[in-house]
Amino acid sequence: MQQQEHAESYYAATVKEPASYPALTGERRADVCVVGGRLSCVSSALNLAERGYSVVLLEANRIAWGASGRNGGQVCTGYSCGMEKIEKLAGRESAKRMWDLAEESKRITRERVDKHAIDCDLTWGYYMAACKPGHLDELKESCEDWVSRYGYDAEFKQADTPEESRAFVDSPDYVGGVWESGAGHLHPLNYCLGLARAAQEAGAEICEMSPAARIEQGAEAVVRTPEGQVRAKAVLVCCNAYLGRLVPQLTGMVMPMMNYVGSTRPLGEDLAARLIPGNDAVSNSRFIVNYYRLTPDTRLLVGGLASDSMIDPPNLGTALHRDMLRTFPQLAEVPFDYLWGGRVGISMNRSPHVGRVGGNLYFAQGYSGQGVALTGLMGRILAEAVAGEQERLDLFARLPHSRFPGGLMLRTPVLALAMAWFRLKDALG
């Protein structure tokens, strides 16, 4: 099978630990077969190997080939759907437990980076910026809930003057926001590759260019690839937006959505420091979110342009540059050195979809844009479930999920209509 390299991106150009793993040939027997080479997959393999399980991980392309190696690198708080939605879905007591687990996910990120010496530019500090006064009111309410209900350390910042509005981000587009020290950003490709290296060192066997063609469930599951197969007592499936029809029971539970990132040329220390003085990760309050962060070599990474089509727009660079100038008009003459995109898996209610199919197939998917930290948590929870510790997996499994309407053929047009509506809302405020 022809090797598919990582997407051309700033991340691929700045890999610290390049690695290549052989394809699976022949038959293996293992306690657990992990299907996928993304953050949740390598995290699961690492946690399982540390518990003494024999593990074989199968990746169809390269480790971190999908969103795990292409995303904006933002280490976020909570869940994409918001805690109000979590409370409605699970109740206040369970929501508090899930908040604590989301906080654990960020601690796991820090601990893994430190323990395994992963050089991924992990930086703390996050600013959620309000684009309109109405958005500012909503952010204030969310901040107060985080502080009063969950004991989180977040600061609401209302800007009464242009100088105050630019203390965190030098942009005329923002009127204030919420700052938190407990979230941040990292280089996701280097992070995922570092976790894979740690999993291998712990004893996991990693196989690239080994797509799972079929999973045969049973007391001993069989995962077949073009050149081999794995017989395992348990299977973990963490393919997210790239799942396809591999597990029929999960078909349609996650919608792939394209998201795009651009990296400018280096700005220089002075300009970079003026744009985002605290070197925070930044995202805005629009439904179609734009997000920004600086790199160690003073580039600005710009993310956004959510698309319901799997086809890259022909004017990608122009459109993303226009979004950047809405926030940073002072960068009108600054071009992008890199442009790339990839699929993000979103669930219908935008909360993680986690659970079990049958007796020994476990899955985690649908992080809806907040998977950088949550995948580390899910890797730990899936390993616990394999070991018979089901409580934390069951907490997430009780969240109600439904399929996207329209089936595989019609769900994309349905989503396109919804996206058009939210774009109109963003435009009208």
Side-chain angles (χ1 to χ4, degrees), residues 17 19 21-59 63-64 68 101 104-118 191-208 210 212 215-225 228-239 354-365 373-397:
E17 296 185 47
Y21 300 93
L24 177 72
T25 57
E27 181 173 289
R28 301 286 193 280
R29 288 186 177 271
D31 295 322
V32 185
C33 179
V34 179
V35 180
R38 294 152 184 84
L39 280 166
S40 47
C41 309
V42 295
S43 177
S44 298
L46 175 55
N47 279 277
L48 287 162
E50 288 176 335
R51 285 173 170 260
Y53 288 93
S54 59
V55 181
V56 176
L57 182 150
L58 305 175
E59 163 55 35
I63 294 297
S68 292
L101 289 175
E104 181 182 337
S105 76
K106 293 186 288 184
R107 292 195 298 274
I108 290 171
T109 304
R110 185 194 298 270
E111 290 164 3
R112 288 301 188 190
V113 169
D114 291 344
K115 179 178 179 180
H116 303 293
I118 301 175
Y191 178 52
C192 194
L193 291 174
L195 288 176
R197 181 252 302 163
Q200 184 186 55
E201 290 173 350
E205 179 180 0
I206 297 177
C207 302
E208 294 182 323
S210 303
I215 299 175
E216 300 169 6
Q217 290 186 251
E220 181 182 60
V222 181
V223 183
R224 301 189 185 276
T225 73
Q229 62 183 29
V230 180
R231 296 184 178 274
K233 299 172 185 177
V235 177
L236 307 187
V237 178
C238 308
C239 300
V354 185
R356 181 170 61 180
V357 174
N360 60 354
L361 189 151
Y362 301 86
F363 65 89
Q365 59 183 8
L374 290 175
T375 47
L377 172 71
M378 295 310 167
R380 178 174 289 180
I381 287 176
L382 290 174
E384 291 171 356
V386 169
E389 303 162 18
Q390 301 281 335
E391 181 184 2
R392 303 208 301 178
L393 180 133
D394 289 344
L395 178 65
F396 283 94

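All residue numbers in this chain count up from 1 along the given sequence. Note that the structure is a prediction, hence the values are computed from the model and not measured.
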Legend entry - N360 (side chain) donor-acceptor with G218 (main chain) under 3.5 angstrom: yes
Legend entry - Minimal non-hydrogen separation, S210 against A23, with atom names: OG-CA, 3.4 Å
Inset, instruction - Looking only at non-hydrogen atoms, find the nearest pair between V42 and C192 and report the distance. - result: CG2-SG, 3.9 Å
Legend entry - Within-4.5 Å side-chain heavy-atom neighbours: L236 and L48: yes
Inset, instruction - Starting at OG of S54, measure out to NZ of K233 and round the result to the nearest 0.5 Å. - result: 7.0 Å
Legend entry - Residue pair L393 / A385: nearest heavy atoms and the distance that separates them: CD1-CB, 3.8 Å
Legend entry - Check: V35 and C239 side chains under 4.5 Å, non-hydrogen atoms: yes
Legend entry - Rounded distance (nearest 0.5 Å) linking atom CG of L24 with atom CD1 of I206: 13.0 Å
Legend entry - side chain to side chain contact (heavy atoms under 4.5 Å, CB included) assessment of Q229 paired with E216: CA-CA 11 Å; Q229 62 183 29; E216 300 169 6; over 6 Å; no
Legend entry - Reported CZ-to-CG distance for the pair R356 and D394, which is rounded to 0.5 angstrom: 7.0 Å
Inset, instruction - For residues S43 and G376, report the shortest heavy-atom separation together with the two atoms involved. - result: OG-O, 3.4 Å
Inset, instruction - Identify the heavy atoms of L377 and S105 that sit nearest to each other, and give their distance. - result: CB-CB, 3.6 Å
Inset, instruction - Rounded to the nearest 0.5 Å, what's the gap from NE2 on H116 to CZ on R197? Could you check? - result: 8.0 Å
Legend entry - M378 side chain reached by F396 side chain, heavy atoms, under 4.5 Å: yes
Legend entry - Carboxylate-amine/guanidinium proximity below 4.0 Å for R112 and E50: yes
Legend entry - Spacing of CD belonging to E104 relative to CG belonging to L374, to within rounding of 0.5 Å: 11.0 Å
Legend entry - Min side-chain heavy-atom separation T225-L58 under 4.5 Å: yes
Legend entry - Derivation and outcome, side chain to side chain contact (heavy atoms under 4.5 Å, CB included), residues R38 and T375: CA-CA 9 Å; R38 294 152 184 84; T375 47; over 6 Å; no
Inset, instruction - Apply the test side chain to side chain contact (heavy atoms under 4.5 Å, CB included) to residues L395 and L101: give CA-CA distance (whole Å), side-chain angles for both, the deciding distance (0.1 Å), then the verdict. - result: CA-CA 10 Å; L395 178 65; L101 289 175; 3.7 Å; yes
Legend entry - Side-chain touch L382/S40, heavy atoms, less than 4.5 angstrom: no
Inset, instruction - With E384 as reference, evaluate R51, Q390, E391 under the side chain to side chain contact (heavy atoms under 4.5 Å, CB included) test and give the passing residue. - result: R51
Inset, instruction - Search all heavy atoms of Y191 against all heavy atoms of L39 and return the closest pair with its distance. - result: CD2-CD2, 3.5 Å
Legend entry - Value rounded to 0.5 Å, distance of CD in Q200 from OH in Y21: 5.0 Å
Inset, instruction - Would you please test I63 and L57 for side chain to side chain contact (heavy atoms under 4.5 Å, CB included) and show each step? - result: CA-CA 10 Å; I63 294 297; L57 182 150; 3.9 Å; yes
Legend entry - Heavy-atom donor-acceptor pair, E205 side chain to A30 backbone, under 3.5 Å: no
